[in-house]
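First comes the structure, then the notes that go with it.
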2 protein chains.
Amino acid sequence: MLKLFHAWGSCSLASYLALEEAGANYEVVVMNTKAWDQRKPEYLAINPKSRVPALVTERGVLTETPAILAFIAQSYPSAKLAPLDDPFAFAEAQAFNNYLCATVHVAHAHKHRGYRWADDPVAVAEMTRKVPETETACFQLIEDSLFKGPWVLGEAYSICDPYLFTLSGWLADDGVDIARFPNVAAHAERMATRPAVRKVLAERAA
Amino acid sequence: MLKLFHAWGSCSLASYLALEEAGANYEVVVMNTKAWDQRKPEYLAINPKSRVPALVTERGVLTETPAILAFIAQSYPSAKLAPLDDPFAFAEAQAFNNYLCATVHVAHAHKHRGYRWADDPVAVAEMTRKVPETETACFQLIEDSLFKGPWVLGEAYSICDPYLFTLSGWLADDGVDIARFPNVAAHAERMATRPAVRKVLAERAA
């Protein structure tokens, strides 16, 4: 059975939602990142990067959201979570997820995790200050250029959708009104009606 | 024919090397990022992200290095640049490349591109200052935990190798001695002997 190390409020929600959409046989270990669970020796033995998500499989541990999402899509092909037989279309899906990971998530991380890139509290505060501007630029690009609709890749739901839903869910915390991006806002509402999303979010409330 | 928009000194070298290793039919457009070629309207029409690489295909434009590398591997399967028939092994390759993209490259970007995340010159300078420390931590993790050897994934050369070679080539500029990481240093030397690498690097010298 697959085991996902997950923290509420983190990007591991995307993998959690994808596992549920795939109909995978999985369990979830909820980490408390505010208590620094991710820095404890028992977790570092699983993932020396000290981050979530980590997906424990029979073959070993996988990390990095875009890699995990593609793995889920390839492992459960009947769920049709990515255009697996079309290298160009698959690359478009991966490019979208990679943008979320390396640009959008990174921009967001400067709000609460600026200490990764600076020690001076003045610099850390300055990074936090700029986050609404950088996140707005990221989501404007998604709104105008990357999002096809009704789902990220067009008519077919894919591994891009739970990831976008996860990161657009951070906009309010980043001081950005999602209503500025009508396509992204409608996508979030559309996502919230999916049974898999309702089921997973109910776990958080429980 | 594929067309790669590339800039010397940028991460697009990884895609260039992979195209050459794949035996692809491609051409290269060399951008001058110091002259802000990437912000010119004609390039923004190709890639609104205003970054390299961009790979123009018959089907459209692909961006994001990990996505382009996987696309090259899938498009030229006889080159055996990734474990394409094994979702777990493929995910390990993708996780490595994703770490390079979203953590290692991002750490490096704080040296010259701190303005992406802060306006205050004091904060930008503080980010630059910390880069040797963050890059050292990244490459220590690669050295100790991620790199299998003699190639990134073990015995088989893959799309992870040109990407690691590209980013380890930035260590000197980042103020970090690659000799601190014997596996990574030996990998860079091993890479430099490959005909595809020699050919591409000769283009830079030309």
Side-chain angles (χ1 to χ4, degrees), chain A residues 47-49 51 55 57-75 77 86-99 101-103 105-107 109-110 114 116-120 122-131 133-134 137 141 144-146, chain B residues 47-49 51 55 57-75 77 86-99 101-103 105-107 109-110 114 116-120 122-131 133-134 137 141 144-146:
Chain A
N47 181 9
K49 293 175 184 171
R51 304 274 179 95
L55 184 68
T57 80
E58 291 179 356
R59 299 267 302 277
V61 179
L62 295 174
T63 58
E64 306 288 340
T65 296
I68 290 172
L69 291 174
F71 173 75
I72 293 168
Q74 290 185 330
S75 298
D86 180 338
F88 178 81
F90 184 66
E92 284 193 309
Q94 293 225 100
F96 186 86
N97 282 351
N98 206 91
Y99 180 70
C101 180
T103 301
H105 188 159
V106 166
H110 284 74
R116 289 178 181 165
W117 305 288
D119 297 331
D120 180 351
V122 172
V124 171
E126 165 65 359
M127 292 181 202
T128 298
R129 184 200 62 75
K130 195 173 167 71
V131 167
E133 176 188 331
T134 55
L141 181 75
D144 295 341
S145 302
L146 305 183
Chain B
N47 182 10
K49 293 175 183 170
R51 306 272 179 95
L55 183 68
T57 80
E58 292 180 353
R59 299 267 301 277
V61 180
L62 294 175
T63 58
E64 307 287 340
T65 295
I68 290 172
L69 291 174
F71 172 76
I72 293 168
Q74 291 185 331
S75 298
D86 180 337
F88 179 81
F90 184 66
E92 285 192 308
Q94 294 226 97
F96 185 86
N97 282 352
N98 206 90
Y99 181 70
C101 179
T103 300
H105 188 158
V106 166
H110 285 74
R116 289 177 181 164
W117 304 288
D119 297 330
D120 180 353
V122 172
V124 171
E126 165 65 0
M127 292 182 202
T128 298
R129 184 200 62 76
K130 196 174 167 70
V131 166
E133 177 188 333
T134 54
L141 181 74
D144 295 341
S145 302
L146 306 183

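First the proteins, then the strands, lettered A, B, ... as listed; each starts at 1.
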Reported CH2-to-CE distance for the pair Trp117(B) and Met127(A), which is rounded to 0.5 angstrom: 9.0 Å
Ring geometry between Phe90(A) and Phe90(B) (parallel below 30°, tilted from 30 to 60°, perpendicular above 60°): tilted
Donor-acceptor pair, side chain of Glu64(A) and main chain of Gln94(B), under 3.5 angstrom: no
Top contributor to chain A interface from Gly114(B), Ala67(B), Ser145(B) [non-hydrogen pairs under 4.5 Å]: Ala67(B)
Contacting region of Val124(A) [heavy-atom separation from chain B under 4.5 Å]: neither
Main-chain N/O of Ala118(A) paired to Glu126(B) side chain as donor or acceptor, under 3.5 Å: no
Portion of Thr63(A) that has a non-hydrogen atom of chain B nearer than 4.5 angstrom: both
Heavy-atom contact with chain A under 4.5 Å, split by part of Val61(B): backbone
Euclidean distance, Glu92(A) CD relative to Phe71(B) CZ, rounded to 0.5 Å: 10.0 Å
Largest heavy-atom contact set with chain A, pairs under 4.5 Å, which of Asp119(B), Asp120(B), Thr134(B): Asp119(B)
Best-contacting candidate, Ile68(A), Val122(A), Val131(A), Thr57(A), against chain B by heavy atom pairs under 4.5 angstrom: Thr57(A)
Min side-chain heavy-atom separation Thr65(B)-Asn98(A) under 4.5 Å: no
Heavy-atom proximity to chain B below 4.5 Å, by part of Glu58(A): neither
Cationic N near anionic O, under 4.0 Å, Arg59(B) to Asp86(A): yes
Any Thr103(A) side-chain heavy atom under 4.5 Å of Arg116(B) side chain: no
Contacting region of Asn47(B) [heavy-atom separation from chain A under 4.5 Å]: neither
Region of Arg129(B) in contact with chain A, defined by heavy-atom distances below 4.5 Å: side chain
Leading residue by heavy atom contact count with chain B [cutoff under 4.5 Å; candidates His110(A), Glu133(A), Gln74(A), Lys49(A)]: His110(A)
Heavy-atom pairs under 4.5 Å with chain B, option from Gly60(A), Ala70(A), Ala107(A) with the top count: Gly60(A)
